[in-house]
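Notes for the one structure printed next.
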Amino acid sequence: MQINFKLKFSKQEDSVLIAIVCLLGIIHSFMYIDTMKGSLFEEYYFIATSISLTCIIGLWRMKIWAFFTYLSVFIINQFLLYLINEWFLSQAILPIILLIFFIKIFESKE
């Protein structure tokens, strides 16, 4: 038995959901900037966060390049945080939700 959980939203509901998810991503990025102060890798965090913010703006405008760039930065960032022993699950939850949401949005657009 297979259950299909396809959600269908109108175009207006879709754009509201995209705006909400992107605003959560922007808030997460600014919270991340606040926690990086005083770190040994402050420059790296600033660059990664700047790229992530650019990608979130691109995702808001539904650009596929923004999704793949955000995914790449997320994977590299998580790997590097693990290597320097600063990885926490709480840092990964919201970006994972954002990525899953946009996977579903891009699938429904096809």
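Position 1 is the first residue of the sequence, and the numbers go up from there.
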Q) Do F67 and I51 share a hydrophobic cluster, counting only Ile, Leu, Val, Met, Phe, Trp and Tyr and linking them when any side-chain heavy atoms are less than 4.5 Å apart? A) no
**Q.** Distance (rounded to the nearest 0.5 Å) between I56 CD1 and F102 CZ
**A.** 8.5 Å
Q: To the nearest 0.5 angstrom, please state how far the CD1 atom of I96 sits from the CD atom of Q91.
A: 11.5 Å
**Q.** Shortest non-hydrogen contact between A19 and W60, atoms and distance
**A.** CB-CZ2, 3.9 Å
Q.
Applying a strict under-4.5 Å side-chain criterion to I, L, V, M, F, W and Y, I'd like to know whether L83 and F88 cluster together.
A. no
Q.
What's the separation between atom CZ in F101 and atom CZ in F106, rounded to the nearest 0.5 Å?
A. 10.0 Å
Q | Atom pair CD1/CG of I64 and L59 - distance to nearest 0.5 Å | A | 8.5 Å
Q. To the nearest 0.5 Å, what is the distance between CD1 (I93) and NE2 (H28)?
A. 9.0 Å
(Q) Could you tell me if the side chain of L94 sits less than 4.5 Å from the side chain of L98, heavy atoms only? (A) no
Q. Sequence neighbours excluded, which residues qualify as side chain to side chain contact (heavy atoms under 4.5 Å, CB included) partners of I75?
A. L71
Q | Evaluation steps, side chain to side chain contact (heavy atoms under 4.5 Å, CB included), between W87 and L80 | A | CA-CA 8 Å; W87 185 85; L80 291 176; over 6 Å; no
Q) Given the rule that I, L, V, M, F, W and Y join up when any side-chain heavy atoms are under 4.5 Å apart, are I57 and I105 in one cluster? A) no
Q. So do the side chains of L81 and Y44 get within less than 4.5 Å of each other, counting heavy atoms only?
A. no
**Q.** Within one Ile-Leu-Val-Met-Phe-Trp-Tyr cluster: I76 and L53, side-chain cutoff 4.5 Å
**A.** yes
Q | Closest contact, heavy atoms only, C55 versus Y70 | A | SG-N, 3.6 Å
Q.
Using 0.5 Å steps for rounding, measure from the CD1 atom of I47 to the OG atom of S52.
A. 12.0 Å
Q | Joint hydrophobic cluster, V73 plus I26, side-chain heavy atoms closer than 4.5 Å | A | no
